[in-house]
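Chain naming here is simple, since letters A, B, ... match the order of the sequence lines and numbering starts at 1 in each. The figures here come from the full heavy-atom set of this structure, side chains too, leaving out hydrogens, waters and symmetry mates.
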Amino acid sequence: MYSVELDNIVKRFGNVAAVDNVSLKIRENEFFSLLGPSGCGKTTTLRIIAGLEEPDSGVVRLHGQDVTDVPTHKRNIGMVFQHLALFPHMNVFENVAFGLKMRKVPKNEIKDRVKAILEVVDLSGMEARRINQLSGGQQQRVALARALVTEPSVLLLDEPLGALDLKIRQHMMVELKNIQRRVGTTFIYVTHDQTEAMTMSDRIAIMKDGRLQQVGTPTEVYFKPMSAFVASFIGEAINLIRGRIQDGILTTQDLGQPILVNHGENSSEAYLAVRPEIISIDNELEGLDNILDGIVRDVIFKGSYIEYRVEVGPRVFVVHQHSRALMQRNFTVGERVKIGWRRNEGAIIPSSGV
Amino acid sequence: MSLLGSLVRKVRRSRRVKLTLLLAPPLAFLAIWFYAPFIITGLYSLDMITRAREIVFTPSLKYYERILGWRSGLTIMLRSLYFGALTTAICLLISYPLAYYISFKVKKHKDVLIVLFIIPFWVSFLLRTYAFMTLLDERSFINNILLSLGLIQQPLQLLYTDVAVITVMVYDYMLFMVLPLYANLEKLDKSLLEASSTLGAGPVSTFFRVTLPLSMPGILAGSLLVFIPAVGEFVVPALVGGPNNFMIGNLIYQIFLGARHWWIGSALSILFIAMILVLAIIYLKKVGSVGPSF
């Protein structure tokens, strides 16, 4: 059984379809991310799952049960809001206990469960603190504890790390994933930050203009993008070569030579997507299916890797090399080099994704 | 030149000097027109100013004692407090849903609705009260309609009653309740209500556990803004009230200008101010502690 199912959800605001025919199946205990640029409909999708927004058409199911017309407070979900929405007139204990009180849990049990969940989020002993006495990271964890203490079947998170600074955000990413493993609940996480999605998710759904672009594991969406949008949205850079594919060979006007690709469908128009770190660079290359001659145009040191921009005919390829290679050899601007990759290391974006 | 220059620089740098210069005009204004009369009233109430308008330094509480032993005076004082409290309560009960509705349910043109509500208050307080008198009159259209519908046989006595005084005061002071409430509810983070619903609270629980406690600052501000002027109201009971709806303002007016007994009048004024002060402090402590502490 799926934890959350969306069938053909449509939601319009005026003439704009914020969510345009989205169908999703999210598994039990999965860390699932909705990723996309702002305005892509990811938050609206989340709010529809929560019942805070009513879809114009389509069905929402939680654990197989149609909840499309069930109000939020009867859905047994937990939610962490973008700006946390902690109750300023209550202390940490009262905030966390709120959901249990609403469920008429006996007082003693409330005490025990609040204590237990505060231990999980590493806030033991903070019960009496007021919300404005807590740091950003602590408030974050109170919001998480408040949403988790009722043991919801699904936890919805709407860009909860957006307000934190980088260090705490990185820390919280690891923390969130750990907490999810410990409590064993389905997490649905909305973000525009691919690092967050990549770091924590079991699967990612990428959205654009209210439509689903691709659903897959982080490595799938990274190495095997199904559309030009996903290819360029995910990751720092990607080399996209547009051309015509016939019997495992891509021909393009830009490059003087055919490019070998995986055998598959023939297509009059497709993209080959190659990640920069897949490409090898050296003065001499052997044993690769595709080897191109080029000239180094830019060398950018980025810490753990070096970015080369290599001109091949009218095109520029982005190539990333591990910094360790610097110990052996580095290439300088204007130097003639060869770049290359294996045919099965590139991903073909079908014509439907162009 | 350099002396003047250094003086100017000193003034510019010193925050205290700047603050003093800034506060001097309003303080002077208040000192002349409020604090001095207030002190003089205090002196009168303690019998420290004689009939010959000389100050003597032998304070006495005899006028306070006389007031405390004066039953009808105390009755009027209590009635004023009761009228003030009732006016405040009715204002709150009417204004809260209004402010809530405009703030939460109206999507567009909120400001237009608020202005529509404010417009009647552009008319002078006195004129509005006079206008109300014609509505409450025995030959008013309200009575005429009720008579012609056969709902009543005799015209209703509306004017010169408690009901009239309260109704007109509510009408006159409602604005001071609506505006702080609306400002407060507008500031309220609506995602708190959504958070409440995701935690399993229905609309009623959410209202009593989240919305209401968080709107306490607005309720407090509005209540004080209505209660304090209402309790000392003088015009409304004078115009639409009868002899049985006398309020403290009318009494003080009569003692000062009718009986010309400045000593009793002063003692009554000071006593009444003290009572309001104590009540306001109790109210702020009691009700204020329910609300959020920011």
Check: Between A:Phe98 and B:Ala201, what is the shortest heavy-atom contact and its length?
Finding: CE2-CB, 3.9 Å

Margin query: Can you tell me which portion of A:Arg146 sits under 4.5 Å from chain B's heavy atoms? Options are side chain, backbone, both or neither.
Written below: both

Notebook entry, point to check: With a 4.5 angstrom heavy-atom cut-off, which part of A:Phe81 approaches chain B: side chain, backbone, both or neither?
Noted result: side chain

Margin query: Quick check on B:Tyr35: does its OH atom have over 12 non-hydrogen neighbours (other residues, nucleotides or ligands) under 6.0 Å away?
Written below: no

Check: If you count the non-hydrogen atoms of other residues, nucleotides and ligands that lie under 6.0 Å from NZ in A:Lys177, is the total more than 12?
Finding: yes

Notebook entry, point to check: Taking side chain as C-beta onward, heavy atoms only, is B:Pro203 less than 4.5 Å from A:His73?
Noted result: yes

Margin query: Could you check whether atom CZ of B:Phe104 has more than 12 heavy atoms from other residues, nucleotides or ligands sitting under 6.0 Å from it?
Written below: yes

Notebook entry, point to check: Taking everything shown except A:Lys74 itself, do over 12 heavy atoms lie less than 6.0 Å from its NZ?
Noted result: no

Check: With distance as the sole test, does A:Arg103 use its side chain to make a donor-acceptor pair with the main-chain N or O of B:Leu199 at under 3.5 Å?
Finding: yes

Check: In Å and rounded to the nearest 0.5 Å, what is the OG1 to CG distance from B:Thr198 to A:Leu155?
Finding: 9.5 Å

Next item on the list: Take atom OH of B:Tyr82 as the centre, draw a 6.0 Å sphere, and report whether it contains more than 12 heavy atoms from other residues, nucleotides or ligands.
Entry: no

Notebook entry, point to check: Checking heavy atoms, do the side chain of A:Leu86, its backbone, both or neither come under 4.5 Å from chain B?
Noted result: backbone

Notebook entry, point to check: Are there more than 12 heavy atoms of other residues, nucleotides or ligands under 6.0 Å from atom CD of A:Gln133?
Noted result: yes

Note to self: Using every non-hydrogen atom in the two residues, find where B:Arg209 and A:His89 come nearest and quote the distance to one decimal.
What the structure shows: O-NE2, 2.8 Å

Item checked: Shortest non-hydrogen contact from A:Phe87 toward B:Leu192 -> CE2-O, 3.4 Å

Next item on the list: Counting only heavy atoms closer than 4.5 Å, note whether B:Thr206 contacts chain A via side chain, backbone, both or neither.
Entry: neither

Note to self: Other residues, nucleotides and ligands only: do more than 12 of their heavy atoms fall within 6.0 Å of NZ on A:Lys115?
What the structure shows: no

Next item on the list: Begin with the C-alpha distance, continue with both residues' side-chain angles, and end with the deciding distance and a verdict on side-chain contact (heavy atoms from CB on, under 4.5 Å) for A:Met79 and B:Glu194.
Entry: CA-CA 9 Å; A:Met79 184 153 172; B:Glu194 294 186 342; 6.0 Å; no

Next item on the list: First locate atom OG of B:Ser196, then atom CE of A:Met102, and finally report the distance between them rounded to the nearest 0.5 Å.
Entry: 6.5 Å

Next item on the list: Taking atom CD of A:Glu28 as the centre, report whether more than 12 heavy atoms of other residues, nucleotides or ligands fall under 6.0 Å from it.
Entry: yes

Notebook entry, point to check: Is there a donor-acceptor pair under 3.5 Å between the side chain of A:His83 and the backbone N or O of B:Ser191?
Noted result: no

